[in-house]
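One structure below.
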Amino acid sequence: AKFDRLRYVEIKHGRIAMLAVVGYLVEKSGIRLPGAISYDGTSFADIPDGFAALSKIPDAGLFQLFAFIGFLEIFVMKDITGGEFVGDFRNGFIDYGWDT
């Protein structure tokens, strides 16, 4: 059971790391969301890339970001036993029809 838990955590962190790299590459290529990130007129293009963005994002935006990640960790990205494989995060919500 301990090995399955370690495998689950490794798969989860690997997927998060892959998404982070893709997000960094997309942003580094100059693709940004249109519009403003806050009501004071700060646009997405004004936010630098990488770790420098953390100091430029408004506090309410950082709170929303971490609250959303916490929500996903607690309620969505659970490794429910009985899935097809270790790290199956669909949890019965997504069915692409491949099994039927």
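Ring orientation note: the planes of F68 and F71 are close to parallel, at an angle under 30° on the 30°/60° scale.
Under the 4.5 Å side-chain heavy-atom criterion for ILVMFWY residues, a single connected hydrophobic cluster contains both I74 and L72. One hydrophobic cluster, built from ILVMFWY side chains closer than 4.5 Å, cannot hold both L19 and F66; they sit in different ones. V21 and I16 sit in two unconnected hydrophobic clusters of ILVMFWY residues. Membership requires side-chain heavy atoms under 4.5 Å apart, directly or through other members.
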Show me the donor-acceptor pairs, under 3.5 Å and distance only, between side chains in residues 48-64 and residues at least two apart or in other chains.
unit_1	atom_1	unit_2	atom_2	d
D49	OD2	K28	NZ	3.0
S55	OG	A52	O	3.1

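If you chain together ILVMFWY residues whose side-chain heavy atoms come under 4.5 Å of each other, L6 ends up in a group of its own. In this structure, I31 belongs to a hydrophobic cluster whose other members, linked by side-chain heavy atoms under 4.5 Å apart, are V22, V26.
Considering only residues two or more places apart in sequence or on other chains, E10 meets the salt bridge (charged side-chain N to carboxylate O under 4.0 Å, His left out) condition with none of them.
The salt bridge (charged side-chain N to carboxylate O under 4.0 Å, His left out) analysis of residues 66-76, with sequence neighbours excluded, yields the pairs K12-E73. Sorted pairs that involve residues 35-44 and meet salt bridge (charged side-chain N to carboxylate O under 4.0 Å, His left out), not counting sequence neighbours, are lacking altogether.
At distances below 3.5 Å, not a single donor-acceptor pair connects side-chain atoms of R7 with backbone N or O atoms of K2.
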